[in-house]
Amino acid sequence: MWCGRLLSSPLARALPVAPGGGGRRAQSALAQLTGILESQLDAIRGAGTWKSERIITSKQGPHISVEGSPGGILNFCANNYLGLSSHPEVIQAGLKALDQFGAGLSSVRFICGTQSIHKALEEKIARFHQREDAILYPSCFDANAGLFEALLTPEDAVLSDELNHASIIDGIRLCKANKYRYRHLDMGDLEAKLQDAQKHRLRLVATDGAFSMDGDIAPLREICQLAQKYKAVVFIDECHATGFLGPTGRGTDELLGVMDQVTIINSTLGKALGGASGGYTTGPRNLISLLRQRARPYLFSNSLPPAVVGCASKALDLLMESNAIAQFMAAKTRQFRSKMEAAGFTISGMEHPICPVMLGDARLASIMAEDMLKRGIYVIGFSYPVVPKGKARIRVQISAVHSEEDIDRCVKAFVEVGKQHGAIP
C-alpha cells in the first residue's frame, strides 16, 4: 500500500523517466529507501523514544510561551545556566555587532572571513581560561570534530571516558590514533589503559569536565595525577561547566584546582555564554596554530556571524566583571535537589545544575514530561539512544534566573505527576 502511495507522490512523479526503464529503476530505489526509513521510524515510535519538537513562541528564559500551551510556561530544561540568552546587554551587543559588521561573512576564516571581533573574542576566551590562544568554530561539536584528527596520528593513543559526549566520540572516530575506552570515572581502569598505551608516541586523555546526561563531574585531580605519572596530555570538554563551575566560573579545572595541569579545553558559546551558537578550543599557542592549518570544520565552515560573536563577547564581559550570578545558581541547585530527594525521587549526579530525575522506563519519562507541561512546567524526557537503555530520565536544568518560587512550583508538579504515575509513593 505504501508503495502505491509513494509512486503517486509529487516527488515520484517529478522523477525523470529515462529510456530503457531508468525511471522505473529510480522509482524502485526510492521505494526501497522509503520502506527502510518508514520501518526505522515505526521502530522508534514503537519503542516510545520518539522525540517531538515543541515550538517556543517567545525569547529563551525561565518563563516562556509554548505553542499549544495556554499561559506562561516555566522552563526547566534549557542550557541557559546564567540566564544570559535574553539579557538586555547581551542582546544590545548582538544588535550593535550586526549593525557594524553585517549579517555574516559569506566566507571561511582563512579566505576573507576574519573580522576584528573574531580575533578579539578569541583573545578574550584565552584570557578567561588563562591559556595562550583560542580558535572559534561554528559549534563545540565542530571543535571536537576538528581536534583529534588534526592532532593525533597512528603513532598516538587517545583514552576516552565511556560516557563522553557524542561529539567527543565522533571526533575520536575521525582520527587514526589507537583508541582506548575506560569505564566511566574509573581511575583504576584508566591507569590500566595508560599502562598499555605506553608503547605509543603521544597519549591524550579525553573527558567531559561535567557529564551532560548525569550531572557528575570528572575526577580531574586523579586524572591529572595519572597523566603526569604516565606522561599523558589532558583534554576536557567544558560545555556544561564554562561560566558557572569554580569560584570564578572558569570551569571544572578551576573547581578542582588543576588549571595548570589541563592542556586543552573545548567549550561552547551556546550554553552559559549567551546561548546563541559557537564553540572553541583553547590551549597552547602552537596547538591553536596547527588547528588553523588542519582542522577541517574550521577550514571548511563559514565564520561565526557577527551578532553571535558580539553576544558571546558581552556575556564573557559580564561574567568577568562579577561571578555573583553563578553563585546564585549553586544555592538554587541545592534547593531543587534536596526537595526532590525528600519527596522520594532519585536525582543523579553531584551538586551540578543538571539534575537528572531517574525513572528508568522510556515511556514513563515521556508521559511524565507531557503531564508536567500540562501543569505549566517545560521539561523533556531522555531515553535511548541519548542515554543507555533502562536509564531513561527527565533532565531538569536549574538557571541562575529561576526564583525560589519557580523551583518550588516545579517540585510540586513533579510530586503530583510522580504520584499519578507511580514513580514515587
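Just so we're clear, the structure is a prediction, and the values are computed from it rather than from any experiment.
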For the residue pair [X] and [Y], what are the closest heavy atoms and their distance?
X: G188; Y: D186; result: N-OD1, 3.0 Å
X: M340; Y: V357; result: CE-CG2, 3.8 Å
X: Q60; Y: N80; result: CG-ND2, 4.2 Å

(message) According to ring pair (Phe, Tyr, Trp, His ring centres under 6.0 Å), who are the partners of H63, at least two apart in sequence or on a separate chain?
(response) none

Say you draw a straight line from [atom1] of [X] to [atom2] of [Y]; how long is it, rounded to the nearest 0.5 Å?
X: L152; Y: C175; atom1: CG; atom2: SG; answer: 5.0 Å
X: E53; Y: I380; atom1: CD; atom2: CD1; answer: 10.0 Å
X: E122; Y: L304; atom1: CD; atom2: CG; answer: 9.0 Å
X: Q130; Y: T282; atom1: CD; atom2: OG1; answer: 10.5 Å
X: L299; Y: L291; atom1: CG; atom2: CG; answer: 9.5 Å
X: K96; Y: C311; atom1: NZ; atom2: SG; answer: 13.0 Å

Ion pair [X]/[Y], N-O distance below 4.0 Å:
X: E132; Y: R127; answer: no
X: K339; Y: D408; answer: yes
X: D214; Y: R393; answer: yes
X: K229; Y: E191; answer: yes
X: K374; Y: E370; answer: no
X: R173; Y: D170; answer: yes
X: D189; Y: K193; answer: yes

(message) Does R54 qualify as a cation-pi partner of Y378, given the criterion of NZ or CZ under 6.0 Å from the six-membered ring centre and within 45 degrees of its axis?
(response) yes

Do other residues, nucleotides or ligands put more than 12 heavy atoms under 6.0 Å from the [atom1] atom of [X]?
X: Y384; atom1: OH; result: no
X: R294; atom1: CZ; result: no
X: K389; atom1: NZ; result: no

(message) Please check this pair: side chain of S65 against backbone of T57, looking for a donor-acceptor N/O pair closer than 3.5 Å.
(response) no

(request) Answer yes or no: is there a donor N or O on one side and an acceptor on the other, between the side chain of S313 and the main chain of V309, under 3.5 Å? (result) no

(message) Between D142 and S139, is the side-chain hydrogen bond (donor to acceptor under 3.5 Å, both in side chains) condition met? List the steps.
(response) CA-CA 5 Å; D142 285 319; S139 69; 3.2 Å; yes

(request) Run the ring-centre check on F244 versus H352 and record whether the distance is less than 6.0 Å. (result) yes

(message) Taking side-chain contact (heavy atoms from CB on, under 4.5 Å) as the criterion, tell me which of D253, T268, N266 meets it with E238.
(response) D253

(request) Please determine which of N144, I236, D161 meets the side-chain contact (heavy atoms from CB on, under 4.5 Å) test together with I168. (result) N144

(message) Run the side-chain hydrogen bond (donor to acceptor under 3.5 Å, both in side chains) test on H402 and N75 for me, step by step, so that the C-alpha distance in whole Å, both residues' side-chain angles and the decisive distance to 0.1 Å come before the verdict.
(response) CA-CA 9 Å; H402 282 132; N75 187 3; over 6 Å; no

(request) Quick one: sort the F336 and F76 rings into parallel, tilted or perpendicular, breaks at 30° and 60°. (result) parallel

(request) Dump the intermediate steps for salt bridge (charged side-chain N to carboxylate O under 4.0 Å, His left out) on K119 and E123, then the final yes or no. (result) CA-CA 6 Å; K119 298 303 294 183; E123 291 167 5; over 6 Å; no

(request) Start with the C-alpha gap between Y298 and F110, add the side-chain angles, then the distance that decides, and say whether ring-ring contact (aromatic ring centres under 6.0 Å, His included) holds. (result) CA-CA 9 Å; Y298 180 81; F110 80 93; 8.2 Å; no

(request) Given ring-ring contact (aromatic ring centres under 6.0 Å, His included), test F345 with F414 step by step and report yes or no. (result) CA-CA 9 Å; F345 287 101; F414 261 112; 5.8 Å; yes

(message) Apply ring-ring contact (aromatic ring centres under 6.0 Å, His included) to residues F211 and H165 and explain how you reach the verdict.
(response) CA-CA 7 Å; F211 291 83; H165 190 268; over 10 Å; no

(message) Is there a side-chain hydrogen bond (donor to acceptor under 3.5 Å, both in side chains) between S403 and D406? Walk through the geometry before answering.
(response) CA-CA 5 Å; S403 68; D406 293 339; 3.2 Å; yes

(request) Report the C-alpha distance between T248 and N323 in whole Å, list the side-chain angles of each, state the deciding distance to 0.1 Å, and finish with yes or no for side-chain hydrogen bond (donor to acceptor under 3.5 Å, both in side chains). (result) CA-CA 6 Å; T248 62; N323 66 340; over 6 Å; no

